[in-house]
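Just so we're on the same page: letters track the sequence lines, and every chain starts at 1.
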Number of protein chains: 2
Amino acid sequence: MTTTPTVYDVAERSGVSIATVSRVYRNPDSVRAQTREKVLAAARELGYVPSGNARGLASRSTGVLGLCFPDYSDPDAESEAEAGVGDEPDDNAAMLYSDQIIRGMERAARRHGYALLIAASLKSGPETLVAKVAGRVDGFAVLARTVPTEELEVISRRRPVVMLAGPREPGELDRPVRLDHIQVANADGQRELTRHLIEDHGLRRLAYVGSAEDSPDVEARFRGHTEACRAAGIAVADAPDVRVGMMTQAEGARAAATLLDGPGEHPEALLFANDQMAVGALHTLEGRGLRVPQDVTVTGFDGIPLSRMVRPALTTVRQPMRRMGEEAVELLVRRLNGQENKEPESLTLPVSVVRRASCGC
Amino acid sequence: MTTTPTVYDVAERSGVSIATVSRVYRNPDSVRAQTREKVLAAARELGYVPSGNARGLASRSTGVLGLCFPDYSDPDAESEAEAGVGDEPDDNAAMLYSDQIIRGMERAARRHGYALLIAASLKSGPETLVAKVAGRVDGFAVLARTVPTEELEVISRRRPVVMLAGPREPGELDRPVRLDHIQVANADGQRELTRHLIEDHGLRRLAYVGSAEDSPDVEARFRGHTEACRAAGIAVADAPDVRVGMMTQAEGARAAATLLDGPGEHPEALLFANDQMAVGALHTLEGRGLRVPQDVTVTGFDGIPLSRMVRPALTTVRQPMRRMGEEAVELLVRRLNGQENKEPESLTLPVSVVRRASCGC
DNA sequence: TTGAAAGCGCTAACAA
DNA sequence: TTGTTAGCGCTTTCAA
């Protein structure tokens, strides 16, 4: 017979009860050394591996935390890596957001004795991704807008869920949603960056490129921008000068072209809501023989590694994604250790302006 | 009552049997639309989330693949990131091996409908990490030397396991181990790199820095090195000129100092078994006023992103870690789909020499 | 220190 | 299309 061995098999073979076998694995010291050895020997001979499912079912906990993130692949970045722009193919060396968050969560989870289950969204049939993850973990984090809020609502009644990066939705507090929440100071960061361009570099004709989808993060960045402009007495529109669909390099390049081809003098500075677009813009500017920052200033947002590798290196606002992952785990662990009934927490992590060549610093 | 709702609760509330509730989640089309809606409504009201454990237990599968990797943190890299060498603190932008493998596995797993469970080794008490992971997944990958072979032996009798990066151990084939296995062509890569230094750059006094622990990967690299030397008629020792403990930047810096301070003329080239050490060596050389590559050539191995960012950029051998993760998943999936009794597979992925400034290219 | 027995919440035949 | 009935392999009282 090739059926996988169970506690019963191990118990029988070692002449003890299944309870003792169980004890050997949960709390070895509660079993006499001699008995323990017998059990372990039998387990080894049989190739016994305790079933995580059965354990979880019986003990109502998994020892696993989860992370759901969107399918964040920037096709540009992919193809660029493959094509080996300027260098060799690079196995996509640039870390994505999700990679950094994963790393942060994994580290923190490990410290607390948890493993990490990760899954990118890709609604596969009837069961959504979250449902699958949610059912297998003690608690989990979700990158904003990966999962419909209604679903999170249901799940958050049963398991701690922490939302990453998306500001709390309006009206959400009225409903029985118990989501903790970690975000970064998007508005503060962009405000400070825009202020820097205005005050320290004396720029006044600024163009902002945001995204079409109403990402709250991107909106917050634009808000920071407008605040800085107004504070300096510079007129600014209610909406970004250009809104793109995907926030990719290609879209950034296109947006730059649009802004340069506009009527009148071209802007002194192009501010992008993320680094990828800003990098795309650099390509456009280079193609047109415009020098950065002498002819045009370019800035991004995020602080991805690529922002430092391009020439000129990109002035941007760095988000502490790794730390966000760590904080997420800390929050979940706290919830799992008896804080389950406290009010939802909302944590805002500080960002920092990184001044590099693309703004003239 | 605050007990989490089960199929029974949902069934009762919606006036159907538990089997129907189950069907709604597994195979919605097998339930009349009207019934389905009733069930889903009840589920929503109750905040029902199907228990992954119970499902797994009943269906004998989890839909999850796993990865165990060692605690690969290079303390140098960490502190360097914090200190912000040459730039701002960087949130540790460089991707580690494990990050790339994770990314590769996650992508591939997603394509096949699996989630990924990751855990770094950190033997926590009685239950080893692997045991925990092994019990919760349908199959998993292990980075070489993360887990004692005996343990893998037991586990591989019950679940597909693929070993990454470590060559098959001698004698392993005699035992009932059914490990699949993916490695990179370490020897080929180093042989080609060494040959390049000798033939294309005319270097002859080469020093090799390996590691103290007998990592098969590192040994294979050194073997490639010696083969290239002998082929060119250059005398070479049986062992690396220096063996370090940790393969970190600090050790690399130290190794470089040792080699430079040796008797006689210093080597024309310092070849390191990984990039981290080579980067450390660059620091040492800079500190001594030696120019790379004019005064000394330096090479690494791995092709980590950092190797491209340092100045001079490092000539190295790039390993396709991401692809390794993908291949691991493909292998596991194949095993899980009926290939379970085939002979262990062993796959060797090609590497490529990356010629950059540090060798004079 | 060890054992007996009762679930944990679901899936999977098999019936209806 | 829906319901009934056994388990799946473990943990967990409670006793001994």
K.L.:
I'd like to check the salt bridge (charged side-chain N to carboxylate O under 4.0 Å, His left out) partners of A/Arg334; sequence neighbours left out, ordered by chain and number.
P.N.:
A/Glu345

K.L.:
Under 4.0 Å from a heavy atom of chain A: give me the 5'-most and 3'-most nucleotides of DNA chain C that qualify.
P.N.:
C/dT1 to C/dG9

K.L.:
Atom CD of B/Glu37 to atom P of D/dT2: distance rounded to whole Å?
P.N.:
12 Å

K.L.:
Residues two or more places apart in sequence or in another chain: which of them pass side chain to side chain donor-acceptor pair (under 3.5 Å) with A/Arg335?
P.N.:
A/Asp180

K.L.:
Hey, can you pull the donor-acceptor pairs under 3.5 Å for the side chains in residues 46-54 of chain B, sequence neighbours left out?
P.N.:
{"residue": "B/Ser51", "atom": "OG", "partner": "B/Asn53", "partner atom": "N", "Å": "3.3"}
{"residue": "B/Ser51", "atom": "OG", "partner": "B/Ala54", "partner atom": "N", "Å": "2.9"}
{"residue": "B/Asn53", "atom": "OD1", "partner": "B/Arg136", "partner atom": "NH2", "Å": "2.7"}

K.L.:
Which pairs pass ring-ring contact (aromatic ring centres under 6.0 Å, His included) with one or both residues in residues 137-161 of chain A, sequence neighbours excluded?
P.N.:
none

K.L.:
Within the 4.0 Å limit for protein heavy atoms, which parts of nucleotides 11-16 of chain D are touched? Write it as a string from 5' to 3', B for base, S for sugar-phosphate only, - for none.
P.N.:
BB----

K.L.:
Quick one: on DNA chain D, does A/Asn53 or B/Ser17 contact a more 5' nucleotide (nearest heavy atom)?
P.N.:
B/Ser17

K.L.:
What residues, two or more places apart in sequence or in another chain, satisfy side chain to side chain donor-acceptor pair (under 3.5 Å) together with A/Glu326?
P.N.:
none

K.L.:
Please identify each residue that fulfils ring-ring contact (aromatic ring centres under 6.0 Å, His included) with B/Tyr114, with sequence neighbours left out.
P.N.:
none

K.L.:
Measure from CZ on B/Arg60 to P on D/dC10 and round the result to the nearest Å.
P.N.:
11 Å

K.L.:
So how far off straight is the helix from C/dT1-D/dA16 to C/dA16-D/dT1, going by the axes through five pairs at either end, to 10°?
P.N.:
20°

K.L.:
May I have all residue pairs that pass side-chain hydrogen bond (donor to acceptor under 3.5 Å, both in side chains) and include part of residues 38-47 of chain B, sequence neighbours excluded?
P.N.:
B/Arg13-B/Glu45

K.L.:
Report the residues that fulfil salt bridge (charged side-chain N to carboxylate O under 4.0 Å, His left out) with A/Arg32, sequence neighbours left out, ordered by chain and then residue number.
P.N.:
none

K.L.:
Identify, with sequence neighbours excluded, every residue that meets salt bridge (charged side-chain N to carboxylate O under 4.0 Å, His left out) alongside A/Glu151.
P.N.:
none

